[in-house]
Structure formats: structure tokens, C-alpha cells
Amino acid sequence: MNASFYHAKLLSLNTINVMVFTSMQRTSDDIYFFIVKDFKIIERCTPSKSTSMNNVRFVEIKLKQPYEYGHHYEVFIPNFGAIPLDVSQIIYFEDFDKMFYYDGDDLGSTYYPNHTNFAIWAPLASDVYLTLYYSNGETNYKMKRSDKGVYRLDVKGDLKNIPYQYIITNSEVARVVNDPYGKGISLNSKYSVVVDLNEIKRKIKFNNSDLNKTLSESCIYELNIRDFTIDKSSDIVNKGKYLGLIESGRKTKGGHPAGLDYLKFLGISHVQLLPILDFANVDDANTDKTYNWGYDVTHFFALEGSYSLHPEIAGERILEFRKVVSELHKNKIGVIIDVVYNHVFSYESSLFEKVVPGYYFRKNNEGRITNGSGCGNDLASEKSMVRKLIIDSVCYLIDMFDIDGLRFDLMGLLDIETIKAIQNAANHKKKNFFIYGEGWHIPTGIPSNHQASIPNAFKMDGVGFFNDSYRDILKGSCFDLAAKGYINGDYSYVDGAYFAMLGSCVDYTFNRRFLNAGQSINYIECHDNSTLYDKLVHSLPDEEDDVRLQRVKFANTMIAFSFGAPFYHMGQEIGLSKHLEDNTYNMGDRYNMMDYKVLDKRFEMALYFKDLIAFRQKVGVFKSIKQDEICDIFHELNKVDNGGMRIKVHHIHTENGEKNGMICINPSNQTIYFELDDYYDVVFSKGGKSPHEMYCKHVTQSPFSIIWLIKR
């Protein structure tokens, strides 16, 4: 070996390990070290331990003066030179989280008209500089270290709309980074930006709305900001933008309601928006160049710019989204945001890794950064300051935008304690705040019994989970497109379908999955995987198109008449297709947009859906979530031919008080004939709501239909 070099790592406040890579034959007695603090030698050390192997010498040295946080350190060996001291191991020191946990609410930039406060948590840093990018050039300011590893600076003057970044030095390596708590951000996320949040709040005021609905009383409609408004077949002006979502009076080319008016027409209670927190891979200024759903989130406080009319002005996207929520609330529609707190696309390039190297990301027993999602590295939500980051983001979204709920992407990657802490913080701010997510059990670096996954649902009362067993029982596996379920011809699932309708919280055929039906998000289609229509094409390739659409209506009806929270994906009500593609996260408008031409063609299906949702609310029984109440309401099941069910129902709300009745379900392509024990009013049939004076004792039930009967 012709060259010699070495590496020094802090193992404890009093211990440094030095690895010397050299071919020189030296003993431990002839090596000594100088410790350099803030560029001055403070002590000379000799090895306390030394071992050698294959031209590598491992030397342990003990410090007389313990390491002090917030200072520059180097190790100098005469005739070898000086190297920075690697302090990254500090995050694994015993009680690190306790020692450096900061519970304040002032991280980020806080604007005042004549000064701005800056604060960033960087406990490993030897120094932090704030860079302000004024119009006439940039200026660097040295920040002061305070308690708990927080660096602070108060800068005089009016800094509104001034871009800024931090230069953080960890282990003597300086990196430029945006503010992890930054609310304002520049075009394409180049800089954090100081914003006047109070001014924005004054422009759009909220009354802290509470829609007074529980999850089981809701009807959730999932959409993407761009997808819902981008189609040229409507007269929405601000297509693909935040404000396009709230334009009133917009129509399709066929004269039917579009955009906001379509949401009002359907009668849904909440929209679930695909990610709106700042994400990569879409050019804010050239939004038609690339397409992405936004699950590669980069900032947890700043909003996405590609949906803004003025992404170059940091405060505008904040103002625009406040307008969106305000207008939706005026129309009695709640807003749920899809959040990605579980992973980043690449930890190496993330701002979190630059601020506190190694801290924010989870490692397995081998010391590898975990990638449970399969699409990026997992955040270590179990660590106190990662948990605080997530909770602070949630609280900001509620306080700033008055949102009504959160849908957690791959929630099973997060830990139960974090989800409970979020639930507690959110419910202190809004009484009926929704918290639900994907509870898949995913291998990651925390014990299985700590994961916020469906197997642990009994530990998380009030938290909802996407019910994948409901999905697969009704339509067949989403990973085997040819597989069939109850709605597409496999009638062996009849008992499973009843289990699903009970909110998967009653022991019937299967062991219950949830504490109560309020935890079950009942869905067949979402943004992921194939649409319901496309699944039917794959599983029933020879079926006529009009028959498939009957099955779509039938499936949507099953969801509406199940205990739990009904969930529908945009366009599911009219059988939209992704042209037989499934993973369309970056495939563009053709595969993902709300196709208003199809709405014009199938408007009858939208009318049926409208009546369906209204009827669910009217009968009142599905707000119940407790096991005993559900078993009392769905009083008795009778199975009939071709997978049919007749369910006796108690406590149906009518104008004349509570009454008993029956739900008749025919999933087959055969007509069913049967007689009743008495005369019944038909209050809901395949065509939607029925005249109250319509009554019968003999029933002819058409294929793919669900009928509600109330005893006279």
C-alpha cells in the first residue's frame, strides 16, 4: 500500500475509535494523537487499545475532556495529517432522544413585519448558517446553538417572500438544505421561502367547521386535483389546478354538472385528495411535461406547486388551497388529505438526511436502511423527533387549512404509538377528525406488534383501515386479474360477502378483523391497481359491456349497504376504465383523468349513484358500528340460489318511525322469483328510489340488483 489514511469516529463522549489504513509497520506505542477543537489543539492522547489486521489498525483513545456538542472536532496524527471527527454515532447513544427531544412549536421560520425568527433542530451540527437570498445577492448569517440542539436566529427587517436555506455542518461536512419545517417553498422546491401566514389567514377566514359526521356516516370520494378537472370535455377554466376544483356552474359538453357541481350532485360527504404536499418529478412551471400522483413527497409542510396558478409565488399555493377547503366546506363537503409520512424516495438526497445524518430513517438488524414500501426508504416514526415532525405537520394542516381527515399511505410502516399520538392531537383540534389508512403488514425494522397494521387494529380504536378482505371477497384478488369474487360470479363467497357487509367486525365465517365497523373502509376500487370496470373485463372477458356496467352498479350498491365507511374512487360510479392498465401513477391524463365524455354517455349511472347515497343516509341503520347493534339490525340471513341473499333488517328509519324490512340481493345474471309473508313497500330497487306507494307480496328480482322492502 503506497498511501496511508485513517478515519476517526466518536463512540461515546469520552471515546474515539480510529481506523488507520497503512502498510507502515508501527506499534501502538509510537502513535499518538492530538484532539483539535474549534481549530485549536486541546489535548494529546495515546491509544488505550490497539489491534491490527491486514494493514488496518484499530485504535481506541480516551479523551480527558469529554466531547462537547456544537463544536468542530478533528483528530490529528503527526506525519499523517488531520481528519474530521465523525459524530454520526451520537444518534445511537443511550438516551439520545431524551436528551435532545424538543417540544417547542417554533421550528421553521416565523414571520413578523419587522423581523423573522428561524429555528432548526440539528443536534449533531458543529455550526449552522442561514442563507437569505435577497434580490441584490445572498447573505449568510451564523446561527446560535440553544437547548436541545436547536439553532436559532432572529433577522431584522421585512423578510416576506425572501428565499432561504441552511448550511449545516455535520462531522465537518457542510451541506445546503431547505427547511424541514418550511411552509413556503419556491418554484420546483429550490428554496424555502418566508411567508406571512397570518396575512393569508386574514384573506380567507375559516369558522373551524365540523361536519358532524363519523366515518360510518360518511361517503368518501377519492380524486386527484389534476385528474378531476383536466379533461377538455368540460368548461372548467383552471384545469388541473387547485382552484379548478371549486369553480361553480361548470358543465360537460353534454350539459351535465362538472367539477364542484358534480360533487354536489353526487351527494358525497368527503373528498379524499391524492397527495398535495410538495412532491418531486413534476415541473411546477411545465406541468404537461411529466405526470405523477405525488407519492414521492419531499416536504411535510409545503404544498405542491404544480397545482397552483402561481407556483413562483410561495404564498399563493397556500392561499389557493385555503380557498379550496373553504368553498368545499360551504357546500358541506369535507376534505381528507392523502399523506405520505412513511417513506421518502431516496434517503441519500432527502433533506432529513442532510439535517441529521442517519436519524430519520429506520434500520434493520443488519444496519441497513429499510425499504418496506418497495419504493423508498422508511422513516423511523418511532423516534421522538421524527414522531414530532409528523405530528407537527398534521397540526399545521389542521390549523392552516381546516382539513377534516388524513388518509395514511402504507400506514403499516408507521408505529402504533405515533398513530395514537396523531389521533390525540387531531381530536383535540377537531371532534370528528378522520384518521385511516392502508394497514397492510409490511416487513420493516420495528416489531410486528408495534406496526399500525390491520392485525393490530384492536389496539387502535377510532382508526380506520382499508378493508382489503372486503375488496377481494367482492371482486376477487386485485393481484390476479382473472380471479373472481362475489360480484363477478364466484358465489362460494356468499358467506364472505355477508361477513364483509357486517363491517368485518362480527365473527361470521371469518374471524372479525376490527373492533367495530367504524374501522372498516369498504372499497372495491381506489387509485391503485385496476379500476372495477377493468377488473371485470379481465375476469369476464366474454361478457357484454352493458352487463359489466350492471355489475358496476351492483358493486357500488353493495358498498353503500355495508356497515363501515363507503369509499369510492373517482369515476367508479360510471365504470371508468384505465384502458386496462393498473399502475398508472406516472402514465398521464389519458389513463387517469375524469372522462366527462363517459359521464355524458352514462349519466343514468351517476343518477343511480346519487339516489343510492341519499338512500343510505335516509335509512339510518349504517351509522351503527357496534357488534351487538349490527347483529340486531341485520337480524337474519337467508341464502337462496345463485348466491342470492335475503337479509331481515330491523330499525329502518321511515317517516312513520322505525320499521322492519328486508334487503334482497341478487348477484347473478338470473331473474329470481319469490313470495313474501306479507305485503311490503318497495323503497329502493335496481332503478334507484321507488315510489312509496309501490308495494308487493310477490317479487320478481332482476339480475345484479338489490331491493329494499319495508313491511307495511
Side-chain angles (χ1 to χ4, degrees), residues 38 69-72 100 102-170 172-203 278 298-303 305 310-319 350-352 354-356 385 388-389 392-393 395-396 399-400:
D38 294 334
Y69 296 102
H71 293 271
H72 295 270
F100 288 108
Y102 175 66
D103 62 359
D105 61 0
D106 60 344
L107 294 177
S109 61
T110 306
Y111 170 84
Y112 301 94
N114 58 359
H115 69 106
T116 297
N117 292 326
F118 297 87
I120 184 168
W121 184 72
L124 305 189
S126 52
D127 59 34
V128 178
Y129 282 84
L130 168 71
T131 302
L132 293 176
Y133 297 95
Y134 297 105
S135 58
N136 59 352
E138 63 187 68
T139 302
N140 292 323
Y141 301 87
K142 186 176 176 62
M143 302 183 74
K144 184 178 180 180
R145 188 182 178 100
S146 62
D147 290 344
K148 305 297 183 179
V150 176
Y151 283 80
R152 303 179 181 280
L153 185 67
D154 185 67
V155 181
K156 304 300 181 184
D158 188 349
L159 301 184
K160 185 169 69 173
N161 297 328
I162 298 297
Y164 70 97
Q165 289 179 305
Y166 298 110
I167 305 172
I168 301 179
T169 301
N170 291 302
E172 301 310 297
V173 177
R175 291 183 173 89
V176 179
V177 62
N178 284 349
D179 190 345
Y181 274 74
K183 282 76 175 180
I185 202 162
S186 71
L187 191 71
N188 288 324
S189 316
K190 186 174 182 180
Y191 307 108
S192 296
V193 178
V194 178
V195 287
D196 184 351
L197 295 179
N198 288 325
E199 178 186 46
I200 295 170
K201 289 178 180 178
R202 288 193 295 269
K203 289 181 178 179
D278 183 66
T298 58
H299 294 78
F300 284 0
F301 293 82
L303 298 184
H310 301 285
E312 74 282 0
I313 305 174
E316 280 300 295
R317 63 187 78 177
I318 303 174
L319 179 65
S350 76
L351 58 87
F352 306 121
K354 294 174 183 177
V355 174
V356 189
M385 287 302 286
K388 174 180 168 58
L389 173 79
D392 287 350
S393 172
C395 290
Y396 168 72
D399 291 339
M400 192 66 197

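If you're wondering where the values come from, they're calculated on a predicted model, not measured in any experiment.
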| Check against side-chain contact (heavy atoms from CB on, under 4.5 Å), L107 and K388 | CA-CA 11 Å; L107 294 177; K388 174 180 168 58; 4.2 Å; yes

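- To the nearest 0.5 Å, the span separating CZ on R145 from OG on S126 amounts to 9.0 Å.
- Looking at F100 and W121, their side chains come closer than 4.5 Å, going by heavy atoms from C-beta outward.
- D105 places none of its side-chain heavy atoms less than 4.5 Å from the side chain of D392.
- Contact annotation: the side chain of L319 approaches that of K203 to within less than 4.5 Å [non-hydrogen atoms, C-beta and beyond].
- To the nearest 0.5 Å, atoms CZ (R202) and CG (D196) are separated by 6.0 Å.
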Practice problem: Check the pair Y111, V195 against side-chain contact (heavy atoms from CB on, under 4.5 Å), reporting the backbone distance first and the verdict last. | Solution: CA-CA 7 Å; Y111 170 84; V195 287; over 6 Å; no

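- Two residues are said to be in side-chain contact when any heavy atoms from C-beta on lie closer than 4.5 Å; S186 and E312 fail this criterion.
- V155 is listed as a side-chain neighbour of L130, based on a closest heavy-atom distance under 4.5 Å.
- Side-chain atoms of P180 and F352, non-hydrogen and from C-beta on, do get closer than 4.5 Å to each other.
- If you take OH on Y191 and CG on N188, they are separated by 12.0 Å, rounding to the nearest 0.5 Å.
- The shortest side-chain heavy-atom distance between L303 and D278 does not fall under the 4.5 Å cut-off.
- Rounding to the nearest 0.5 Å places CG of L132 at 7.5 Å from CD1 of I162.
- With 3.5 Å as the limit, one finds no donor-acceptor pair spanning the side chains of Y112 and D158.
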Stepwise side-chain contact (heavy atoms from CB on, under 4.5 Å) test for I168 and I120: CA-CA 10 Å; I168 301 179; I120 184 168; 3.7 Å; yes

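- Distance check: N117 CG to T110 OG1 gives 6.0 Å after rounding to the nearest 0.5 Å.
- Cation-pi contact between K183 and F301: present, with separation from the ring centre below 6.0 Å and deviation from the ring axis of at most 45°.
- Inter-residue side-chain proximity for H299 and I185 is flagged as met; some heavy-atom pair is nearer than 4.5 Å.
- Counting only N and O atoms by type, the side chains of D38 and H72 include no donor and acceptor under 3.5 Å apart.
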Practice problem: Show the numbers, then the answer: is there a side-chain contact (heavy atoms from CB on, under 4.5 Å) between R175 and Y166? | Solution: CA-CA 8 Å; R175 291 183 173 89; Y166 298 110; over 6 Å; no

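- Relative to the ring axis of Y151, K144 does not place its NZ or CZ within 45° and under 6.0 Å from the centre.
- Residues passing the ring-ring contact (aromatic ring centres under 6.0 Å, His included) test with F118 are Y164, sequence neighbours excluded.
- Note on R152 versus D154: no salt bridge recorded, every NZ/NE/NH1/NH2 to OD/OE distance being 4.0 Å or above.
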